[in-house]
Amino acid sequence: MTEVSSLTGRLLVATPSLADPNFERAVVLLLDHDDEGSLGVVLNRPTPVGVGDILEPWGGLAGDPGVVFQGGPVSLDSALGLAVIPGDEGPLGWRRVHGAIGLVDLETPPELLARALGSLRIFAGYAGWGPGQLEGELREGAWYVVESEPGDVSSPRPENLWRAVLRRQRSGLAMVATYPDDASLN
C-alpha cells in the first residue's frame, strides 16, 4: 500500500461525528485492506433473526446471542461466518484473517468445524470501501483505528461493544466512551 499499511484485523470504531446511519456507533472488523479497497463487518448490529432460521445447520454452533448480525450495507443477501479458533492450525473450511479470528466457509459441513470452533458469528452483508475510500474517511476523522481482540467477534453484549472497545484504550480515546448517545440533550 502506498498511503497506509494494511489494517487487516484491526477495528474501525466510528467517531461520534460519523452521522451515516449505517455506521453510527459501529465497530467494524477489517477482514481485508489493501490497495484494491477494504472489506469488513460491523460487529455490533444484531438482528432479530436467529441463525437457525436462515442457516439451520449452523444454528447450534452460533455464539450468544444466536442471531444473524447485519455486517454492513453491501450484499445483505449474502452471509459471512467468522469464528475464533485457538491454536496454530485451523480446520478445513476456516481461513485465518488475523490472530485466532478467521472466516468460515459456510459451504463446509458444520460437523467438520464443530469441535474446533471457539465461537461463531454469522453476518448478513458487509461494509466495503473502494481503493483509497477508507483512507479518505480516516483523514476526515470518521473512524478511530484500534487493535482487535478475539472476544470482540463473540461479545455476548454487542450493544455495549462501541463503549467497551473505546474504554479499553490507553489514550484519550477512553474518554470518548462516555460521549452521550445524543449530545444535543446536554
Side-chain angles (χ1 to χ4, degrees), residues 3-33 37-49 51 62-74 76 80-86 96-103 118-129 133-186:
E3 290 188 38
V4 181
S5 61
S6 178
L7 299 176
T8 298
R10 311 253 329 253
L11 295 177
L12 299 178
V13 181
T15 64
S17 63
L18 183 59
D20 180 337
N22 290 305
F23 297 109
E24 185 176 3
R25 300 263 170 140
V27 177
V28 178
L29 174 66
L30 284 174
L31 303 174
D32 192 25
H33 177 245
S38 303
L39 180 139
V41 290
V42 178
L43 298 177
N44 59 334
R45 296 280 193 274
T47 72
V49 179
V51 171
D64 185 34
V67 298
V68 175
F69 282 67
Q70 184 175 341
V74 182
L76 291 172
L80 288 170
L82 278 183
V84 174
I85 297 184
R96 186 176 312 280
V97 171
H98 177 75
I101 302 167
L103 285 165
S119 65
L120 172 71
R121 189 141 288 165
I122 303 294
F123 298 87
Y126 61 91
W129 294 265
Q133 187 179 5
L134 177 58
E135 288 76 13
E137 291 182 17
L138 291 171
R139 281 191 300 275
E140 292 169 6
W143 301 99
Y144 304 120
V145 179
V146 301
E147 294 298 324
S148 64
E149 295 181 0
D152 297 333
V153 172
S154 58
S155 173
R157 301 205 42 200
E159 66 278 3
N160 296 336
L161 190 60
W162 185 83
R163 289 187 193 283
V165 168
L166 288 171
R167 198 174 294 120
R168 75 178 182 227
Q169 302 310 306
R170 298 184 188 272
S171 65
L173 284 183
M175 288 298 294
V176 177
T178 65
Y179 198 85
D181 291 336
D182 186 351
S184 70
L185 297 177
N186 279 353

Requested in this report: Tell me, with the steps shown, if Leu76 and Gln70 meet side chain to side chain contact (heavy atoms under 4.5 Å, CB included).
Outcome: CA-CA 8 Å; Leu76 291 172; Gln70 184 175 341; 3.8 Å; yes
Report task. Would you sort out whether Asp152 and Val27 count as a side chain to side chain contact (heavy atoms under 4.5 Å, CB included), showing the intermediate values? Result -> CA-CA 9 Å; Asp152 297 333; Val27 177; 5.8 Å; no
Requested in this report: For side chain to side chain contact (heavy atoms under 4.5 Å, CB included), just list the numbers for Leu80 and Ile122, CA-CA rounded to whole Å, side-chain angles, deciding distance to a tenth of an Å, and then say yes or no.
Outcome: CA-CA 6 Å; Leu80 288 170; Ile122 303 294; over 6 Å; no
Requested in this report: Could you walk me through whether Leu120 and Val51 pass side chain to side chain contact (heavy atoms under 4.5 Å, CB included), step by step?
Outcome: CA-CA 10 Å; Leu120 172 71; Val51 171; 5.8 Å; no
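To the nearest 0.5 angstrom, Glu149 atom CD is 3.5 Å from Arg168 atom CZ. Here the straight-line distance linking atom OG1 of Thr8 with atom CG of Leu29 works out to 9.0 Å at 0.5 Å rounding. Rounding to the nearest 0.5 Å gives a distance of 8.0 Å between CZ of Arg121 and CG of Asp64. Atom-to-atom distance recorded for Gln133:CD and Leu138:CG is 11.0 Å, nearest 0.5 angstrom. One finds the OG atom of Ser38 at 6.0 Å from the CG atom of Leu30 (value rounded to the nearest 0.5 Å).
Between the side chain of Thr178 and the backbone N or O of Met175 there is at least one donor-acceptor pair closer than 3.5 Å. At distances below 3.5 Å, at least one donor-acceptor pair connects side-chain atoms of Asn44 with backbone N or O atoms of Arg25. Here the side chain of Arg45 pairs no donor or acceptor atom with the backbone of Phe69 at under 3.5 angstrom. A donor-acceptor pair under 3.5 Å is absent between the side-chain atoms of Arg96 and the main chain of Leu103, judged by distance alone.
Looking at Phe123 and Leu43, their side chains come closer than 4.5 Å, going by heavy atoms from C-beta outward. The closest side-chain heavy-atom distance from His98 to Pro150 is not below 4.5 Å. The closest side-chain heavy-atom distance from Leu12 to Phe23 is not below 4.5 Å. Within the 4.5 Å cutoff, the side chain of Val13 has no heavy atoms near those of the Val176 side chain.
Across every non-hydrogen atom of Leu166 and Ala177, the tightest pair is CB-CB, 3.8 Å. The nearest pair of heavy atoms linking Ala14 to Trp162 is O-NE1, 2.9 Å. The shortest heavy-atom contact between Val68 and Thr47 is O-OG1, 2.7 Å. A pairwise comparison of heavy atoms in Ser148 and Ile101 identifies OG-CD1, 4.3 Å as the closest pair. The minimum heavy-atom distance linking Pro46 with Pro158 is given by the pair CG-CG, 4.0 Å. Taking both residues in full, the closest heavy atoms of Val165 and Gln169 are given as O-NE2, 2.8 Å, listed atom of the first, atom of the second, then distance.
Atom CZ of Arg157 has 12 or fewer neighbouring heavy atoms from other residues, nucleotides or ligands inside a 6.0 Å radius.
Scanning for ring-ring contact (aromatic ring centres under 6.0 Å, His included) contacts around Tyr126 gives an empty result, with sequence neighbours left out. Residues satisfying the ring-ring contact (aromatic ring centres under 6.0 Å, His included) criterion with Trp129, sequence neighbours excluded, are absent altogether.
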